[in-house]
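Below is one structure, written out as structure tokens; the observations come after it.
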Amino acid sequence: MATYSEDYEYHIHLSEGDIGRYVFLPGDPGRCEVIAQHFDNPKFVASHREHTTWVGELDGERVAVTSTGMGGPSTAIAVEELIHVGADTFMRVGTAGAMQPETQPGDVAIINAAIRDEGTGLHYLPMEFPAVASQDLITGLVAAARDMDRRHHVGVSQSKDSFYGQHSPDSMPVSTRLKERWDAWVKGGCLVSEMECATLYLVGATRRVRTGGVMMVMGHHDFAPMTDEEKDASQVGNLIPVAIEGMRQVIAADKARSD
């Protein structure tokens, strides 16, 4: 695989051996250190552009957290380069907007598939190919949420390219199309809206690596204002323990299979 540097990956500034196989993927670089504080022996490794990486251990296994930035293009770049340096198991950790009455602020959404309302995936697989998570990660996340007695939902997200296409559709020349499609996603039972899962899952399918996503639900399906209590409940920090325990479940299952 061609790269722009013989010594390290061009965008993430990592080399083979810097990380292990298990990686958490927040969008925001500022969340990397927060997630890494749940590791044993956390250590900062690199930061370049939107991609910041910390490493550590969970249950004796090397793990890492690398920020992807927002949206499909930068997510695909990060995952491709992380694969180059040895990773094969990726968990998206982020926030998502509610789309169903039952998805309330502070709930956990475990994303087993994503609507391909984004463009990056078309550079990997035709539109007819579904964006689906790896069952190993979904199983681990569901077990974690249940063990922690967290209110959670398992289902589909809408992965979009335009944040303001969702939040200000009437300002767009294609407003009618945006709103018709949104109504279709809702009627089909789509849980939440976010910007990265479809791309992540399609890169994973193409490169034969494992992917999954867990999201903190924010907002209401009808765009009603959140209360202060709901804002506190939907802080990303409340999601991280579920993600950490979910990855522990994956690690334990991998060890059991290898024994």
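If you read the sequence from its start, that first residue is 1, and numbering goes on from there. For clarity, every value in this text was computed on a predicted model and none was experimentally measured.
- The distance from atom CG of L191 to atom CD of E102, rounded to the nearest 0.5 Å, is 7.0 Å.
- Ion pair R151/D107 flagged as a salt bridge, since at least one NZ, NE, NH1 or NH2 atom sits closer than 4.0 Å to an Asp/Glu carboxylate oxygen.
- For the pair L122/M127, a side-chain contact is recorded, criterion being any heavy-atom separation below 4.5 Å from C-beta on.
- Here the straight-line distance linking atom NE2 of H84 with atom OG of S15 works out to 13.0 Å at 0.5 Å rounding.
- For CG of D222, the number of neighbouring non-hydrogen atoms (other residues, nucleotides, ligands) closer than 6.0 Å is greater than 12.
- Taking CG of D40 as the start and CD of E61 as the end, the distance is 12.0 Å to the nearest 0.5 Å.
- Within 6.0 Å of CZ on F223 lie more than 12 heavy atoms contributed by other residues, nucleotides or ligands.
- Contact check for V63 versus I251: side-chain heavy atoms found under the 4.5 Å cut-off.
- The residues R248 and D147 are annotated as not salt-bridged, no charged nitrogen and carboxylate oxygen being separated by less than 4.0 angstrom.
- When all heavy atoms of H220 and P105 are compared, the closest pair comes out as CE1-CD, 3.6 Å.
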Would D254 and R21 satisfy side chain to side chain contact (heavy atoms under 4.5 Å, CB included), going step by step from the backbone distance to the final call? CA-CA 11 Å; D254 287 347; R21 62 184 298 202; 3.8 Å; yes
Evaluate the side chain to side chain contact (heavy atoms under 4.5 Å, CB included) criterion for residues V250 and R210: first the C-alpha distance (whole Å), next the side-chain angles of each, then the deciding distance (0.1 Å), finally the verdict. CA-CA 11 Å; V250 174; R210 300 184 298 182; 3.8 Å; yes
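- Within a 6.0 Å sphere centred on NZ of K43, other residues, nucleotides and ligands contribute 12 heavy atoms or fewer.
- In terms of hydrophobic clustering, with Ile, Leu, Val, Met, Phe, Trp and Tyr side chains grouped at heavy-atom distances under 4.5 Å, V242 and V23 are assigned to different clusters.
- Between V85 and E9 the shortest side-chain heavy-atom distance falls below 4.5 Å.
- Between the R116 side chain and the G121 main chain, a donor and an acceptor come within less than 3.5 Å of each other.
- Summarising the geometry of P225 relative to E230, their closest heavy-atom pair is O-OE1, 4.2 Å, with the distance given to 0.1 Å.
- Of the possible polar contacts, none joining the E118 side chain to the G72 backbone as a donor-acceptor pair under 3.5 Å is found.
- The number of heavy-atom neighbours closer than 6.0 Å to CE of M226, taken from other residues, nucleotides and ligands shown, is above 12.
- For N238 against D232, the heavy-atom pair with the smallest separation is ND2-O, 3.0 Å.
- The CG atom of L200 sits 12.0 Å away from the OG1 atom of T120 when rounded to the nearest 0.5 Å.
- Inspection of the H153 and Q100 side chains reveals no N or O donor paired with an N or O acceptor under 3.5 Å.
- In this structure, OG on S67 lies 10.5 Å from CZ on R31, to the nearest 0.5 angstrom.
- No side-chain donor-acceptor contact under 3.5 Å links E196 to the backbone of T75.
- In summary, the side chains of Q166 and S193 do present a donor paired with an acceptor at a separation below 3.5 Å, with no hydrogens or angles considered.
- Checking side-chain atoms of Y201 against main-chain N and O of G213 turns up a donor-acceptor pair under 3.5 Å.
- Contact annotation: the side chain of F39 approaches that of V65 to within less than 4.5 Å [non-hydrogen atoms, C-beta and beyond].
- Panel note: side chain Q235, backbone K231; a donor-acceptor pair is recorded below 3.5 Å.
- Side chain to side chain, E194 and S159 meet the donor-acceptor criterion of an N or O pair below 3.5 Å.
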List the steps, then state whether side chain to side chain contact (heavy atoms under 4.5 Å, CB included) holds for W54 with I35. CA-CA 9 Å; W54 284 66; I35 292 173; over 6 Å; no
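- Under a hydrophobic clustering in which Ile, Leu, Val, Met, Phe, Trp and Tyr are joined whenever their side-chain heavy atoms come within less than 4.5 Å, directly or via other members, I240 and V142 fall into the same cluster.
- No side-chain heavy atom of Y22 sits under 4.5 Å from any side-chain heavy atom of L58.
- Within a 6.0 Å radius of CZ in R208, no more than 12 heavy atoms belonging to other residues, nucleotides or ligands are found.
- Put simply, the side chain of T139 never gets that close to the backbone of D136: no donor and acceptor are under 3.5 Å apart.
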Stepwise side chain to side chain contact (heavy atoms under 4.5 Å, CB included) test for I111 and R92: CA-CA 9 Å; I111 309 304; R92 170 90 179 107; over 6 Å; no
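- S134 places no side-chain N or O within donor-acceptor distance of the main-chain N or O of L137, the cut-off being under 3.5 Å.
- When all heavy atoms of G17 and R62 are compared, the closest pair comes out as O-NH1, 3.0 Å.
- The salt bridge (Lys or Arg N to Asp or Glu O under 4.0 Å) test with D117 singles out one residue from R177, R181, K160, and that residue is R181.
- Neither side chain, Y8 nor D18, offers a donor N or O lying under 3.5 Å from an acceptor on the other.
- Listed for the T66 side chain is no donor-acceptor partner under 3.5 Å among the backbone atoms of T53.
- Residues H152 and L141 are not in side-chain contact: their nearest non-hydrogen atoms beyond the backbone lie 4.5 Å or more apart.
- Taking all atoms of both residues into account, the shortest heavy-atom contact from G106 to S234 is N-CB, 3.7 Å.
- Hydrophobic clustering (ILVMFWY, side-chain heavy atoms < 4.5 Å, transitive): L178 and V192 are in distinct clusters.
- Clustering ILVMFWY residues whenever any of their side-chain heavy atoms sit less than 4.5 angstrom apart, transitively, puts I83 in the very cluster that holds L25.
- Closest approach of V55 and I19 over heavy atoms only: CG1-CG2, 3.7 Å.
- Using a cut-off of 4.0 Å between Lys/Arg side-chain N and Asp/Glu carboxylate O, R207 and D88 are scored as not salt-bridged.
- Residues V209 and T89 form no side-chain contact, since every pair of their non-hydrogen atoms from C-beta on lies 4.5 Å or further apart.
- Ring orientation note: the planes of H13 and H48 are close to parallel, at an angle under 30° on the 30°/60° scale.
- Expressed to the nearest 0.5 Å, how far OG1 of T68 lies from CD1 of I77 amounts to 10.5 Å.
- Hydrophobic cluster membership is shared by F24 and L239, with clusters built from Ile, Leu, Val, Met, Phe, Trp and Tyr side chains linked at under 4.5 angstrom.
- In this structure, S74 and R49 have side chains that are not in contact, with every pair of non-hydrogen atoms separated by 4.5 Å or more.
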